[in-house]
Amino acid sequence: MKYTTRQKAILLLSDGTIFHGKSIGISGTTFGEVCFNTGMTGYQEIFTDPSYFGQLMVATNAHIGNYGVNEKEIESDSIKIAGLVCKNFSFNYSREDASGSLEDYFIKQNLICISDVDTRALVSYIRDNGAMNAVICTDETSIEDLKIALAKVPDMNGLELASKVSTKEPYFFGDENATYKISALDLGIKMNILRNLAKRDCYIKVFPFDSSYQDLAGFNPDGYFLSNGPGDPEPLSGAIQVAKEILENDKPLFGICLGHQVIGLANGISTYKMFNGHRGINHPVKNIITGKGEITSQNHGFAVNKEELDNHPDLEITHLHLNDGTVAGMRMKNKNCFSVQYHPEASPGPHDSSYLFDQFIENIKG
């Protein structure tokens, strides 16, 4: 496809700011909260991560699509972002084990994308003004009509989205003859979390987001896991109740990202929406227990309240984000429970934090 034949497209932010670009070829409009990811690789894993559901992703890497797609490099069964904003979109790709082009992948899953946007200016604007709702339009709908439609899009604050990405029925993952059995509550679970658990001799039963503690306990697991996922954690009253009952029964519990926030809420720690959130694969974290630093993959727009956590008698901070001092990990002093705000299962990386899965297994053994 020649550059000169591509349709014009726009990105309209909720404050009225407009960025111009070109359509990748899929015509229409798509709405969501605009955010950016600073990762230089792993775009297919980002696009299929359920935690990005309902968001328009701005890629800070200058080239997207240059290595095509591979059907094995997915975190869920479909693209989960609401739309893509990028600078240079590569219609051609050069990787031997690619199974196809990113363009064909988008066409197959009907993902709207705008390229040729000044993404450096856009990211700078979002950093200064905060995450906000936006719309990508490639079909020449009038600006006034877009503003009217955009005003009706719900704010991410208070929005429950786990139900949109969670499994509808329980399913199993791993070897049924494995040493350990894990009940996992699916709030938007990533495939690589399941792979990491299975690699450590675990057989996992994955439950829908609205399952009860009795449902999870019925598998007679050795440990429990609360997954990552999209949206605001506070509306997840069912998941919060599940976490409370797991803790009341003093069972081994591990939470990642949204699961980490749910564990905080189960202990009376409030959460809040961040100005921009953390999204990328180069976020520095300090392990307070060991004193070591970790480079981590992160994807979250909400966080637990650090001041409340500092004053909680049964909780302690285990990890801190070194850029802004937000809570990156915590554990309970009186229960077999810990959680992190970032992604130790990161693929393609970094892998500094993969030890946390080993820690979970050690907690189960203990």
Side-chain angles (χ1 to χ4, degrees), residues 51 156-158 160 162 183-185 187 209 212-213 216-217 223-229 231-278 283-294 296 298-344 353 355-357 359-360 362-364 366:
S51 293
M156 191 66 73
N157 204 354
E160 184 278 301
S183 284
L185 189 65
L187 306 176
F209 84 105
S212 67
Y213 170 72
L216 274 68
Y224 293 82
F225 177 77
L226 302 183
S227 85
N228 62 291
D232 191 333
E234 289 195 5
L236 295 173
S237 56
I240 295 168
Q241 181 60 32
V242 167
K244 287 180 179 179
E245 294 187 47
I246 293 172
L247 295 175
E248 287 171 2
N249 287 275
D250 204 16
K251 302 297 184 181
L253 176 61
F254 178 27
I256 287 177
C257 206
L258 185 59
H260 160 83
Q261 297 160 13
V262 166
I263 290 172
L265 290 165
N267 281 282
I269 305 296
S270 66
T271 58
Y272 63 94
K273 190 175 189 303
M274 304 173 75
F275 189 64
N276 267 308
H278 299 149
H283 286 258
V285 163
K286 181 178 181 180
N287 184 322
I288 305 301
I289 308 301
T290 65
K292 294 181 178 180
E294 302 169 19
T296 68
Q298 303 206 8
N299 169 22
H300 63 103
F302 291 82
V304 299
N305 187 298
K306 183 177 182 294
E307 183 179 355
E308 293 177 15
L309 189 53
D310 279 330
N311 294 320
H312 197 288
D314 299 326
L315 287 167
E316 66 177 335
I317 296 172
T318 57
H319 300 76
L320 283 176
H321 196 295
L322 292 178
N323 285 349
D324 58 11
T326 53
V327 177
M330 63 186 182
R331 69 181 179 186
M332 297 194 68
K333 302 174 185 177
N334 59 341
K335 300 288 183 180
N336 194 343
C337 169
F338 73 104
S339 61
V340 289
Q341 183 61 82
Y342 53 95
H343 289 271
S353 307
Y355 70 88
L356 291 165
F357 289 101
Q359 182 178 317
F360 182 39
E362 290 301 316
N363 284 2
I364 291 173

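The first residue of the sequence shown is numbered 1, and numbering continues consecutively from there.
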A.B. asks: Just by distance, no angles: are the side chains of Asn287 and Tyr355 close enough, under 3.5 Å, to form a donor-acceptor pair?
C.D. replies: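 A donor-acceptor contact under 3.5 Å links the two side chains.
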
A.B. asks: Which atom pair, heavy atoms only, marks the closest approach of His343 to Asn299?
C.D. replies: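 So the two residues come closest at CD2-N, 4.0 Å.
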
A.B. asks: Can you name the ring pair (Phe, Tyr, Trp, His ring centres under 6.0 Å) partners of His321, sequence neighbours left out?
C.D. replies: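 Checked His321 against ring pair (Phe, Tyr, Trp, His ring centres under 6.0 Å); matches are His278, His283.
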
A.B. asks: Between atom CD1 of Ile364 and atom OH of Tyr224, what is the distance when rounded to the nearest 0.5 Å?
C.D. replies: 11.0 Å

A.B. asks: Testing the basics here: between Ala243 and Leu226, what is the closest heavy-atom pair and its distance to 0.1 Å?
C.D. replies: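 Smallest heavy-atom distance, with atoms named: CB-CD1, 3.9 Å.
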
A.B. asks: Taking NZ in Lys333 as the centre, count heavy atoms belonging to other residues, nucleotides or ligands within less than 6.0 Å. Is the count above 12?
C.D. replies: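 For Lys333, atom NZ is crowded (more than 12 foreign heavy atoms under 6.0 Å).
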
A.B. asks: With heavy-atom distances below 4.5 Å as the criterion, would you say the side chains of Leu247 and Cys337 are in contact?
C.D. replies: yes

A.B. asks: Please list, one pair per line, the donor and acceptor atoms closer than 3.5 Å that link side chains of residues 252-267 to other protein atoms, with sequence neighbours excluded.
C.D. replies:
residue: His260; atom: ND1; partner: Ser339; partner atom: OG; Å: 2.8
residue: Gln261; atom: NE2; partner: Phe302; partner atom: O; Å: 3.0
residue: Gln261; atom: NE2; partner: Gln341; partner atom: OE1; Å: 3.2
residue: Asn267; atom: ND2; partner: Ile263; partner atom: O; Å: 3.0

A.B. asks: Quick one: does Leu309's side chain get under 4.5 Å of Met330's, heavy atoms only?
C.D. replies: yes

A.B. asks: For a 4.5 angstrom cut-off between non-hydrogen side-chain atoms, does Tyr342 reach His319?
C.D. replies: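 Touching, per the 4.5 Å side-chain cut-off.
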
A.B. asks: Would you check, one step at a time, whether the test side chain to side chain contact (heavy atoms under 4.5 Å, CB included) holds for Glu316 with Met332?
C.D. replies: CA-CA 6 Å; Glu316 66 177 335; Met332 297 194 68; over 6 Å; no

A.B. asks: Mind running side chain to side chain contact (heavy atoms under 4.5 Å, CB included) on Thr318 and Phe338 for me, showing each step along the way?
C.D. replies: CA-CA 9 Å; Thr318 57; Phe338 73 104; over 6 Å; no

A.B. asks: Minimum heavy-atom separation for Ala162 and Leu236, please, with both atom names.
C.D. replies: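 Between these two residues, the closest heavy atoms are CB-CD2, 3.9 Å.
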
A.B. asks: When you compare the side chain of Asn228 with that of Leu187, does any pair of heavy atoms fall below 4.5 Å?
C.D. replies: no

A.B. asks: Roughly how far apart are Asn311 CG and Lys306 NZ, rounded to 0.5 Å?
C.D. replies: 9.5 Å

A.B. asks: If you look at every heavy atom in Leu356 and Pro344, which pair is closest and at what distance?
C.D. replies: CD1-CB, 3.9 Å

A.B. asks: Flag the pair Glu160 / Asp232 as yes when at least one side-chain heavy-atom distance between them is below 4.5 Å, and no otherwise.
C.D. replies: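 Side-chain contact under 4.5 Å: no.
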
A.B. asks: Can you tell me if Gln298 and Thr296 form a side-chain donor-acceptor pair at under 3.5 Å?
C.D. replies: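 Checked: Gln298/Thr296 side chains pair up, N/O donor to acceptor below 3.5 Å.
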
A.B. asks: Does the side chain to side chain contact (heavy atoms under 4.5 Å, CB included) test come out yes or no for Asn249 and Tyr213, once each step is laid out?
C.D. replies: CA-CA 10 Å; Asn249 287 275; Tyr213 170 72; 3.4 Å; yes

A.B. asks: What verdict does the side chain to side chain contact (heavy atoms under 4.5 Å, CB included) test give for Ser270 and Tyr272, after you've listed the backbone C-alpha separation in whole Å, the side-chain angles of each residue and the deciding distance to 0.1 Å?
C.D. replies: CA-CA 7 Å; Ser270 66; Tyr272 63 94; over 6 Å; no

A.B. asks: Enter the distance from Asn276:CG to Lys273:NZ here, rounded to the nearest 0.5 Å.
C.D. replies: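 Taking CG in Asn276 and NZ in Lys273, the distance rounds to 8.5 Å.
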
A.B. asks: Can you pull the salt bridge (Lys or Arg N to Asp or Glu O under 4.0 Å) pairs that have at least one residue in residues 234-252, sequence neighbours excluded?
C.D. replies: none

A.B. asks: Is the closest side-chain heavy-atom distance between Val285 and Leu322 below 4.5 Å?
C.D. replies: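 No, side chains not in contact.
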
A.B. asks: Can you see which heavy atom on Gly229 is nearest to which on Ser51, and at what distance?
C.D. replies: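 Minimum heavy-atom contact is N-OG, 3.3 Å.
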
A.B. asks: Which atom names give the shortest non-hydrogen contact between Glu308 and Gly268, and what distance separates them?
C.D. replies: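 Residues Glu308 and Gly268, closest heavy atoms: OE1-O, 3.8 Å.
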
A.B. asks: Would you check if Thr271 and Asn305 make a side-chain contact, meaning some heavy-atom pair closer than 4.5 Å?
C.D. replies: no

